[in-house]
Enquirer: 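Just passing along the structure, written as structure tokens.
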Amino acid sequence: METTQNNNNGNGILKAALAVAMLFIGFLGYLLYDSKKTNTNQEQVISQKVEQLANTKSRLDSVSTQLDAKIAEIQSLGGRVDELVAAKQQLEKDRKALKNAKFFNSKQYDAKIQEYVALLTEKDQVIAQLKSENENLTAQTVTLSKEKEVLVQEKQVFIEENTGLKGEKEKLTQTVADYSSKNEELTKKVKTGAQLKAQNLQVYAVKANGKVKDGGKYRAKKVDQLKLAFTLPSNAITEKENKEIMVRIMDADGAVISDSATGSSVFNFDGKEMAYTTKGTVAYTNNDQNVEMLYARGTAYRAGNYTVELYSEGFKIGQGNFIIK
């Protein structure tokens, strides 16, 4: 009797152990299933993030290309590109940040891209307006020149054939003066459209041995000369002739750099005399020519940020900068 009871107890313990084991195995299976499900979800999220990142990079690259095209076109038409250049610089920062971003936010970049696209659309209207204005200015100049020529001829005829018609002569003289005034105004506008543009101004350091360093940051003791390199883009209404270019190099305090031996000279800009550092004459060929100018200073440069400005024919045509460490 006692033996039978012991056997029953043993069977009960065994069944209980088996039940516990089955529960444990079931728990392990649930954990494994949950782990696989979690990994699958994570892989889907990562895949989605990678796809969004690639798409954002492609869209930024496309906007960058369009900005370059708009800048070049507006410059060729004589328009201002300050806003586009600033947008291009910000875009490059966004592209760099995208490469280094640990936490990518697609909505944030979508908003930025929409702003760039809106700016490009706005500049399409500016380009259309510039084209229309240039075409109108050219047509009006031609028309006024012909009208002036005709009026001058008519004036001469009246003087020769109607010496007694003093009143008509004075009236015609006044008419010619009015047209001359209009023609002068249009000539100024055309001159503005024909002004030079110095694009991609770069400042290089040249050592005494002739070795050229780039990068925009230079040690003072390694700068014996400065080399200015830039491009003069083609312009259909700019004449092929020698162009005098004045260079202003200013230190961090805004003072114009000059040679200690000769000092600086001055030129007229907007009715004011401005000092310049050096100048040079360039034979303008109207074919996107590359230009280089050298400047050697008699004394060493102080550390700081320097600004370089280029002027020609009464206009500011370009600007750049460099740093002396």
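These values consider heavy atoms only, across backbone and side chains, with no hydrogens, waters or symmetry-generated copies.
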Enquirer: Give a yes or no on whether a salt bridge exists between Asp224 and Lys211, defined as a side-chain N under 4.0 angstrom from a carboxylate O.
Expert: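 No, Asp224 and Lys211 are not salt-bridged.
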Enquirer: With a 4.5 Å cut-off on side-chain heavy-atom distances among I, L, V, M, F, W and Y, is there a chain of contacts connecting Leu77 to Val85?
Expert: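 They do share one cluster, since a chain of ILVMFWY contacts under 4.5 Å joins Leu77 to Val85.
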Enquirer: Report, as yes or no, whether the 6.0 Å neighbourhood of atom NZ on Lys221 holds more than 12 heavy atoms from other residues, nucleotides or ligands.
Expert: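 Atom NZ in Lys221 is not crowded, with 12 or fewer foreign heavy atoms closer than 6.0 Å.
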Enquirer: Hey, quick one: are Val126 and Val117 part of the same hydrophobic cluster, counting side-chain heavy atoms closer than 4.5 Å, chains of contacts allowed?
Expert: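 Val126 clusters together with Val117.
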Enquirer: Nearest 0.5 Å please: distance from the CD1 atom of Ile245 over to the CG atom of Leu196.
Expert: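 Between Ile245 CD1 and Leu196 CG, I get 6.0 Å after rounding to 0.5 Å.
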Enquirer: Do Glu133 and Gln129 have a side chain donor and acceptor closer than 3.5 Å?
Expert: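 Present: a donor and an acceptor within the cut-off.
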Enquirer: When clusters are formed by joining ILVMFWY residues with side-chain heavy atoms under 4.5 Å apart, either directly or through shared neighbours, do Leu137 and Val142 land in the same one?
Expert: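 Each belongs to a different hydrophobic cluster.
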Enquirer: Does some side-chain heavy atom of Tyr218 sit less than 4.5 Å from a side-chain heavy atom of Lys213?
Expert: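 Side-chain contact under 4.5 Å: yes.
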Enquirer: Have Asn200 and Thr231 got a donor and an acceptor in their side chains that come within less than 3.5 Å?
Expert: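 Not at all, the side chains of Asn200 and Thr231 share no donor-acceptor pair under 3.5 Å.
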Enquirer: Which residues pass the side chain to side chain contact (heavy atoms under 4.5 Å, CB included) test with Glu241, not counting sequence neighbours?
Expert: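 Glu241 satisfies side chain to side chain contact (heavy atoms under 4.5 Å, CB included) with Glu239, Lys243, Glu313 once adjacent residues are dropped.
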Enquirer: What distance separates Asn268 CG from Glu273 CD, expressed to the nearest 0.5 Å?
Expert: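 Separation between the atoms: 7.0 Å.
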Enquirer: Quick one, Arg248 and Met250 - any side-chain contact, counting heavy atoms below 4.5 Å?
Expert: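 Contact flag for Arg248/Met250 side chains = yes.
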Enquirer: Could you give me the CA-CA distance, side-chain angles and deciding distance for Lys197 and Gln195, then say whether side-chain contact (heavy atoms from CB on, under 4.5 Å) is met?
Expert: CA-CA 7 Å; Lys197 299 288 185 180; Gln195 66 175 292; 3.9 Å; yes
Enquirer: Give me the atom names and distance for the closest heavy-atom approach of Phe230 to Ala198.
Expert: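 That closest heavy-atom pairing would be CD1-CB, 3.8 Å.
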Enquirer: Is it the case that the side chains of Asp94 and Tyr116 hold a donor-acceptor pair, with the cut-off being a distance below 3.5 Å and no angle test?
Expert: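 A donor-acceptor contact under 3.5 Å links the two side chains.
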Enquirer: Can you name the residues that form a side chain to side chain contact (heavy atoms under 4.5 Å, CB included) with Leu294, not counting sequence neighbours?
Expert: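 By the side chain to side chain contact (heavy atoms under 4.5 Å, CB included) rule, Leu294 matches Val206, Gln225, Lys227.
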Enquirer: Restricting to non-hydrogen atoms, name the atom on Val223 and the atom on Ala205 that form the minimum distance, rounded to 0.1 Å.
Expert: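 Heavy atoms of Val223 and Ala205 come nearest at CG2-CB, 3.9 Å.
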Enquirer: Verify side-chain contact (heavy atoms from CB on, under 4.5 Å) between Gln114 and Leu119, making sure each step is shown before the conclusion.
Expert: CA-CA 9 Å; Gln114 288 177 3; Leu119 177 61; over 6 Å; no
Enquirer: Show which side-chain atoms of residues 279-286 pair as donor or acceptor with protein atoms under 3.5 Å away, not counting sequence neighbours.
Expert:
from: Lys279; atom 1: NZ; to: Glu244; atom 2: OE2; distance (Å): 3.2
from: Tyr284; atom 1: OH; to: Pro233; atom 2: O; distance (Å): 2.9
from: Tyr284; atom 1: OH; to: Asn235; atom 2: N; distance (Å): 3.4
from: Tyr284; atom 1: OH; to: Asn286; atom 2: OD1; distance (Å): 3.1
from: Thr285; atom 1: OG1; to: Asn287; atom 2: OD1; distance (Å): 2.4
from: Thr285; atom 1: OG1; to: Gln289; atom 2: OE1; distance (Å): 2.8
from: Asn286; atom 1: OD1; to: Asn235; atom 2: N; distance (Å): 2.6
from: Asn286; atom 1: ND2; to: Asn235; atom 2: O; distance (Å): 2.8
from: Asn286; atom 1: ND2; to: Thr238; atom 2: O; distance (Å): 3.4

Enquirer: Are Val308 and Gln319 close enough that some pair of their side-chain heavy atoms sits under 4.5 Å apart?
Expert: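 Not touching, per the 4.5 Å side-chain cut-off.
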Enquirer: Working to the nearest 0.5 angstrom, can you tell me the gap between Ile257 CD1 and Thr299 OG1?
Expert: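 Ile257 CD1 to Thr299 OG1: 7.5 Å, rounded to 0.5 Å.
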Enquirer: If we only count heavy atoms from C-beta on, is the Leu228 to Val247 side-chain gap below 4.5 Å?
Expert: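 Yes - at least one pair of side-chain heavy atoms lies under 4.5 Å apart.
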Enquirer: Taking only residues two or more places apart in sequence, or in another chain, which ones meet Asp61 in a side chain to side chain contact (heavy atoms under 4.5 Å, CB included)?
Expert: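 Partners of Asp61 by the side chain to side chain contact (heavy atoms under 4.5 Å, CB included) criterion, ordered by chain and then number, come out as Lys57, Arg95.
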Enquirer: Can you tell me how far apart CG (Asp251) and CG (Asn305) are? Round to the nearest 0.5 Å.
Expert: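 Result: 10.5 Å between the selected atoms.
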Enquirer: Using a 4.5 Å cut-off on heavy atoms from C-beta on, say whether the side chain of Asp124 contacts that of Lys70.
Expert: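 Of all side-chain heavy-atom pairs linking Asp124 with Lys70, at least one is under 4.5 Å.
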Enquirer: In chain order, what residues pass the ring-ring contact (aromatic ring centres under 6.0 Å, His included) check against Phe267, with sequence neighbours excluded?
Expert: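 Expected list: Tyr276, Tyr311.
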Enquirer: Please tell me whether Thr143 and Glu147 have a donor and an acceptor in their side chains that are separated by less than 3.5 angstrom.
Expert: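 The answer is no; no qualifying pair exists.
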Enquirer: Can you tell me how far CD of Gln66 sits from OG1 of Thr121, rounded to the nearest 0.5 angstrom?
Expert: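 Thr121 atom OG1 to Gln66 atom CD measures 8.5 Å (nearest 0.5 Å).
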Enquirer: May I ask you to decide if Asn134's main-chain N or O and Thr138's side chain share a donor-acceptor pair within less than 3.5 Å?
Expert: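 It does hold such a pair.
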Enquirer: Give me the atom names and distance for the closest heavy-atom approach of Ile113 to Arg59.
Expert: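 In terms of heavy atoms, the two residues are closest at CG2-NH2, 3.5 Å.
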Enquirer: Tell me whether the NZ or CZ atom of Arg297 lies within the 45° cone about the ring axis of Tyr301 and under 6.0 Å from its centre.
Expert: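 Here Arg297 passes the 6.0 Å and 45° test against Tyr301.
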Enquirer: Contact between Thr65 and Leu67 at the side-chain level, heavy atoms closer than 4.5 Å - yes or no?
Expert: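 They are not in side-chain contact.
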Enquirer: Output all residues satisfying side chain to side chain contact (heavy atoms under 4.5 Å, CB included) with Asp270, sequence neighbours left out; order by chain, then residue number.
Expert: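 Applying side chain to side chain contact (heavy atoms under 4.5 Å, CB included) to Asp270 gives none.
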Enquirer: Any chance you could measure Arg219, atom CZ, to Lys222, atom NZ, to the nearest 0.5 Å?
Expert: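 With rounding to 0.5 Å, CZ (Arg219) is 6.5 Å from NZ (Lys222).
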Enquirer: I'd like to know if Lys123 pairs up with Glu73 as an ion pair, taking the criterion as any Lys NZ or Arg NE/NH1/NH2 lying under 4.0 Å from an Asp or Glu carboxylate oxygen.
Expert: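 The answer is no: the pair does not qualify as a salt bridge.
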Enquirer: Would you say the side chain of Tyr306 lies within less than 4.5 Å of the side chain of Ile324, judging by non-hydrogen atoms?
Expert: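 Yes; the side chains approach each other to less than 4.5 Å.
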Enquirer: Tell me, with the steps shown, if Ile74 and Ile71 meet side-chain contact (heavy atoms from CB on, under 4.5 Å).
Expert: CA-CA 5 Å; Ile74 290 178; Ile71 290 172; over 6 Å; no
Enquirer: Does any non-hydrogen side-chain atom of Leu226 lie less than 4.5 Å from one of Phe322?
Expert: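 Heavy-atom side-chain distance check passes, below 4.5 Å.
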Enquirer: Go through the steps for Glu92 and Lys88 under the test salt bridge (charged side-chain N to carboxylate O under 4.0 Å, His left out), then give the verdict.
Expert: CA-CA 6 Å; Glu92 293 305 318; Lys88 173 70 176 181; 3.3 Å; yes
Enquirer: Take Asp288 and Leu232 through the test side-chain contact (heavy atoms from CB on, under 4.5 Å) and record every step on the way to the result.
Expert: CA-CA 5 Å; Asp288 296 331; Leu232 294 178; over 6 Å; no
